[in-house]
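Okay, structure first, notes after.
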Amino acid sequence: MSSAYLICHGDRLPVDGHKAPALIAELIDEVNAEAGRIGWGGTAFSRFSSADGYVQFDVVPGETPATIEDLRLFREAEKKRRAEEAAKRAEQPEQGSFI
C-alpha cells in the first residue's frame with residue numbers, strides 16, 4: 001500500500017456540455033490508473049466541486065475502481081447530507097451575538 005492517502009484531479013469542462021460526462025469519465029479512468037500504479041485496490045470519492053467551467057474531485061483508497069455512476073451516487077448523497085444539515089440548522093434557535 002502506498003503512503004498516499006488522497007488523489008486530486010480536475011480539468012476544464014468542454015464548452016459543449018454534452019461532452020462533459022465523457023471528460024469526467026476520462027478523468028476518473030486516469031485517477032483509477034494512478035491509484036493502481038501506487039498500489040491501491042480501488043478508489044472512493046471524498047469530494048467533488050465545479051465552478052467557472054472547471055471540475056475537480058478527490059478520491060481516497062477504496063474497494064474497487066470508481067466509476068462515473070459512483071460519482072453520481074456520491075453527489076446525490078452529498079446533496080442530501082447538505083440539505084439535512086441546513087434543515088437541522090434551521091430548527092435550532094438563532095443565537096445572538098454579544099458583540
For residues Leu71 and Phe48, report the shortest heavy-atom separation together with the two atoms involved. CD1-CD1, 3.7 Å

May I ask you to check whether over 12 heavy atoms, not counting those of Glu63, lie within 6.0 Å of atom CD? no

Please check if the side chain of Thr43 supplies one atom and the backbone of Ala66 the other of a donor-acceptor pair under 3.5 Å. yes

Are any of the side-chain nitrogens in Lys80 or Glu76 under 4.0 Å away from the carboxylate oxygens of its partner? no

If you group Ile, Leu, Val, Met, Phe, Trp and Tyr by side-chain heavy-atom gaps below 4.5 Å, do Tyr54 and Ile7 land in one group? no

Ion pair check, Glu34 and Arg37, cut-off under 4.0 Å: yes

Taking the side chain as everything from C-beta on, heavy atoms only, tell me whether Asp70 gets closer than 4.5 Å to Phe45. yes

Between the side chains of Gln56 and His9, does any donor sit under 3.5 Å from an acceptor? no

Can Leu73 be reached from Val31 by stepping across I, L, V, M, F, W or Y side chains whose heavy atoms are under 4.5 Å apart? no

Inspect the surroundings of CZ in Arg75 and state if more than 12 heavy atoms from other residues, nucleotides or ligands are less than 6.0 Å away. no

Closest approach of Ala20 to Pro14 (non-hydrogen atoms, all atoms of both residues): N-CG, 3.8 Å

One pair to check against salt bridge (charged side-chain N to carboxylate O under 4.0 Å, His left out): Arg72 and Glu69. What are the steps and the verdict? CA-CA 5 Å; Arg72 184 185 68 76; Glu69 177 65 12; 2.3 Å; yes

Non-hydrogen atoms of Gly41 and Pro65 that approach each other most closely: O-CD, 4.1 Å

Test Leu23 against Leu13 for side-chain contact (heavy atoms from CB on, under 4.5 Å), laying out the working first. CA-CA 7 Å; Leu23 172 69; Leu13 292 170; 4.1 Å; yes

Full working for side-chain contact (heavy atoms from CB on, under 4.5 Å) between Ile24 and Asp11: CA-CA 9 Å; Ile24 293 170; Asp11 203 346; over 6 Å; no

Between Leu6 and Ser46, is the side-chain contact (heavy atoms from CB on, under 4.5 Å) condition met? List the steps. CA-CA 9 Å; Leu6 176 83; Ser46 62; 3.7 Å; yes

Please test Arg81 against Glu84 for salt bridge (charged side-chain N to carboxylate O under 4.0 Å, His left out), starting from the C-alpha separation and ending with a verdict. CA-CA 5 Å; Arg81 182 187 60 76; Glu84 289 171 352; over 6 Å; no

Less than 4.0 angstrom from a charged side-chain N to a carboxylate O is my criterion; do Glu91 and Lys88 meet it? no

